[in-house]
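Below you'll find the structure, written out as structure tokens, and then a few comments.
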Amino acid sequence: MRALIGFIVRGRFQAIVIATICAALAPVFAPLNYVSGAVIGLMTLRYGAYEGFVVLAATTALFGTLAVLMLNSAMPAILILALTWAPTWVLATTLRLTSSQGAALAVAGALAVLAVIVFHGFVDNATDWWSGLLDRLLARGIEELNLSPDPQALAQLDRILDGLAPVMTGLLAAGIIFGAVLTLLLARWWHSLVDNPGGFGKEFRALRLDRRLGFIVLGLALVAWLGSGAVGGLGRELLSVALVLYFFQGLAMIHGVVAQTSASRGWLFALYLGAAFATAQIVLLVAIGGLADSWLDIRGRLSARGQTQ
């Protein structure tokens, strides 16, 4: 790993090549999408926003050229730029300027909220738009795979898609920032391996969002629960974004508690293993823990108790 990171940080050319190769192989092995973004994040963190932007632009141009030559379309480059590379560059720039993972996380949330609002500004009825798109994708998949699904199973699948349509905008925005934050954390870990060994863990365990943001999230929860129509739908979409933010704070809190109490790392293994089998439930529980930590300051209390003993 250190050899690869050392190769990447030697210069723009090496970073551009590695990022492009990873992007090209991402359809075969999806996690390489995050690796390609982490290369851009690493260059931004180590050399600054301008250098990161140069690598971002050059990688987009190179990968876009390859996509046009091989697939006769630049859409793969546009998608990975919009969904991974650009958000990661913005977050890495924020982290470099503030040295705060909490600030970067807040910016990620702001970007997601802006994206949701802009989408609703351009689309009159988001539910109908998503419903139509999901139906077309389902029909295309059935046709391309030459399937003959059971009518009852197809009707059940249609009901699932109809249930997803009203919240798809929020789920997509939450998914994008989840991936962008993961990519940023990977880049920051790489950065610490090069310039500050052991620094990433300490910084991540201290990750916190502004306490005042918690009151906004509680307000969104009330709107999502009590609101109806477009207002209630928007509240649920924005709440999905907030849950992602507090999931990362909850994760940092758990890592911090394990480190401060010298507890077995088996607890962390159990957490990630549980997330692999019950992702939605674990994300929700950890996010609630992160939200509670905004007021309880569990890590601060443990630190204060340790100092008085």
Side-chain angles (χ1 to χ4, degrees), residues 1-2 4-5 22 25-38 41-42 83-84 87-88 91 101-102 104-105 108-109 112 160 163-164 167 170-193 197-209 217 221 239-294 296-303:
M1 179 62 72
R2 290 180 184 273
L4 174 62
I5 299 170
C22 290
L25 295 177
V28 179
F29 186 60
L32 288 176
N33 175 55
Y34 301 126
V35 176
S36 69
L42 173 62
L83 302 182
T84 302
T88 300
L91 299 187
Q101 291 185 9
L105 197 60
I160 293 174
L164 284 175
V167 294
L171 290 178
L172 180 60
I176 291 172
I177 66 163
F178 186 88
V181 173
L182 279 181
T183 305
L184 174 70
L185 294 177
L186 176 59
R188 190 58 155 179
W189 176 51
W190 284 1
H191 186 213
S192 73
L193 290 179
F200 171 77
K202 182 178 180 181
E203 186 180 88
F204 178 69
R205 290 191 293 269
L207 187 157
R208 288 180 63 84
L209 290 161
V217 174
L239 186 60
S240 298
V241 172
L243 286 177
V244 171
L245 303 183
Y246 280 98
F247 167 76
F248 283 104
Q249 175 161 321
L251 203 59
M253 182 264 293
I254 293 171
H255 276 264
V257 169
V258 168
Q260 287 177 299
T261 59
S262 299
S264 170
R265 290 185 175 271
W267 289 105
L268 297 177
F269 176 77
L271 171 65
Y272 289 111
L273 183 64
F277 292 97
T279 303
Q281 294 87 340
I282 294 296
V283 168
L284 180 59
L285 288 174
V286 174
I288 292 174
L291 181 59
D293 181 61
S294 294
L296 298 178
D297 190 13
I298 297 172
R299 287 163 288 179
R301 290 173 182 268
L302 285 174
S303 178

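Positions are given from 1, in the same order as the sequence printed here.
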Nearest-0.5 Å distance that lies between atom [atom1] in [X] and atom [atom2] in [Y]:
X	Y	atom1	atom2	answer
M253	L207	CE	CG	11.5 Å
I298	I254	CD1	CD1	9.0 Å
L184	Q101	CG	CD	7.0 Å
L171	I176	CG	CD1	11.0 Å
T84	N33	OG1	CG	4.0 Å
H255	L271	NE2	CG	7.0 Å

Residue pair V241 / A173: nearest heavy atoms and the distance that separates them: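 Reported closest heavy-atom pair: CG2-CB, 4.2 Å.
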**Study point:** side-chain contact (heavy atoms from CB on, under 4.5 Å) partner of V217, the single match among L239, L209, L245
**Key:**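 Looking at L239, L209, L245, the match for V217 under the side-chain contact (heavy atoms from CB on, under 4.5 Å) is L239.
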Open item on the list: Please identify which of these residues, L185, T183, V181, L105, meets the side-chain contact (heavy atoms from CB on, under 4.5 Å) condition with L91.
Closed with: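 Only one option passes, and that is V181.
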Could you tell me whether a side-chain N or O of Q260 sits under 3.5 Å from a main-chain N or O of R299, the two making a donor and an acceptor?
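Yes, Q260 side chain to R299 backbone: donor-acceptor pair under 3.5 Å.
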Report the relative orientation of the aromatic rings in F247 and F178; use parallel for angles under 30°, tilted for 30 to 60°, perpendicular for over 60°.
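Plane angle between 30° and 60°, so tilted.
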Problem set entry | Check against side-chain contact (heavy atoms from CB on, under 4.5 Å), F248 and I177 | CA-CA 11 Å; F248 283 104; I177 66 163; over 6 Å; no
